[in-house]
K.L.:
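Mind looking over this structure? Questions follow.
Residue indices begin at 1 and follow the sequence shown.
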Amino acid sequence: MPAPVCCTRASGDGRHLVASDLAGSIWIIDWRKPDTPLGRLTGHSNKHMTLKFCLLRDTVICGGQDGVVRVWGLRSHRLLSETDVGQLVHCLGSGSEHLV
C-alpha cells in the first residue's frame, strides 16, 4: 500500500482485512498472507471514512468524503452498485437485507 492507511475493518470470520488509503484505494488482505494483497478496489476520488463487511452477501461496502456509497464483490473485486448520497459518509450499517 503506497499511501497512508486511513480506515481498516476485519471480516467477521477473521479471514480478511480491508484497508483504505488516503489515495482512495481499498486493499483486500488475507490474514494468512498479509504481505500479498488479494486485490485493490478503486473508484473513490479521495479517502474512505467507513468500511463494512457483509459476509452474507460476500461484499465490502464503503463510503467516504466523495459522498458515494459503493458495494464491492469481496471475491470478484467488482463494483456491484453505487449510490451518490450527496454528502460525506461517516458510517454504515447493514442487516441481512438492507444497508443503512
K.L.:
List the steps and the verdict of side chain to side chain contact (heavy atoms under 4.5 Å, CB included) for Val89 and Thr50.
P.N.:
CA-CA 7 Å; Val89 180; Thr50 186; 4.0 Å; yes

K.L.:
Please step through side chain to side chain contact (heavy atoms under 4.5 Å, CB included) for the pair Ile26 and Leu51, ending with a clear verdict.
P.N.:
CA-CA 9 Å; Ile26 297 173; Leu51 297 166; 3.7 Å; yes

K.L.:
Identify the residue among Cys54, Ser81, Cys62 that makes a side-chain contact (heavy atoms from CB on, under 4.5 Å) with Val71.
P.N.:
Ser81

K.L.:
Are Leu74 and His16 close enough, and set up right, to give a side chain to side chain contact (heavy atoms under 4.5 Å, CB included), and what steps lead you there?
P.N.:
CA-CA 9 Å; Leu74 178 60; His16 296 97; 4.1 Å; yes

K.L.:
Check the pair Ser11 / Leu17 against side chain to side chain contact (heavy atoms under 4.5 Å, CB included), numbers first and verdict last.
P.N.:
CA-CA 6 Å; Ser11 63; Leu17 172 77; over 6 Å; no

K.L.:
Would you mind listing every salt bridge (charged side-chain N to carboxylate O under 4.0 Å, His left out) that reaches into residues 73-84, with sequence neighbours excluded?
P.N.:
Asp58-Arg75, Arg70-Glu82

K.L.:
Quick check for you: to the nearest 0.5 Å, what is the distance between Leu38 atom CG and Arg15 atom CZ?
P.N.:
9.5 Å

K.L.:
Under 3.5 Å, is there a donor-acceptor pair between the side chain of Arg40 and the main chain of Trp27?
P.N.:
no

K.L.:
Within the structure provided, determine whether Leu41 and Ser25 are in side-chain contact (heavy-atom separation under 4.5 Å).
P.N.:
no

K.L.:
Kindly indicate whether the side chain of Val69, heavy atoms from C-beta on, has any atom under 4.5 Å from the side chain of Ile61.
P.N.:
yes

K.L.:
So do the side chains of Ile29 and Val18 get within less than 4.5 Å of each other, counting heavy atoms only?
P.N.:
no

K.L.:
Mind checking what makes side-chain contact (heavy atoms from CB on, under 4.5 Å) contact with Thr36, not counting sequence neighbours?
P.N.:
none

K.L.:
Working to the nearest 0.5 angstrom, can you tell me the gap between Leu22 CG and Cys6 SG?
P.N.:
5.0 Å

K.L.:
How close do Trp72 and Thr42 get, counting heavy atoms only, and between which atoms?
P.N.:
CH2-O, 2.8 Å

K.L.:
Same hydrophobic cluster for Leu79 and Ile28, using side-chain heavy-atom links shorter than 4.5 Å among ILVMFWY?
P.N.:
yes

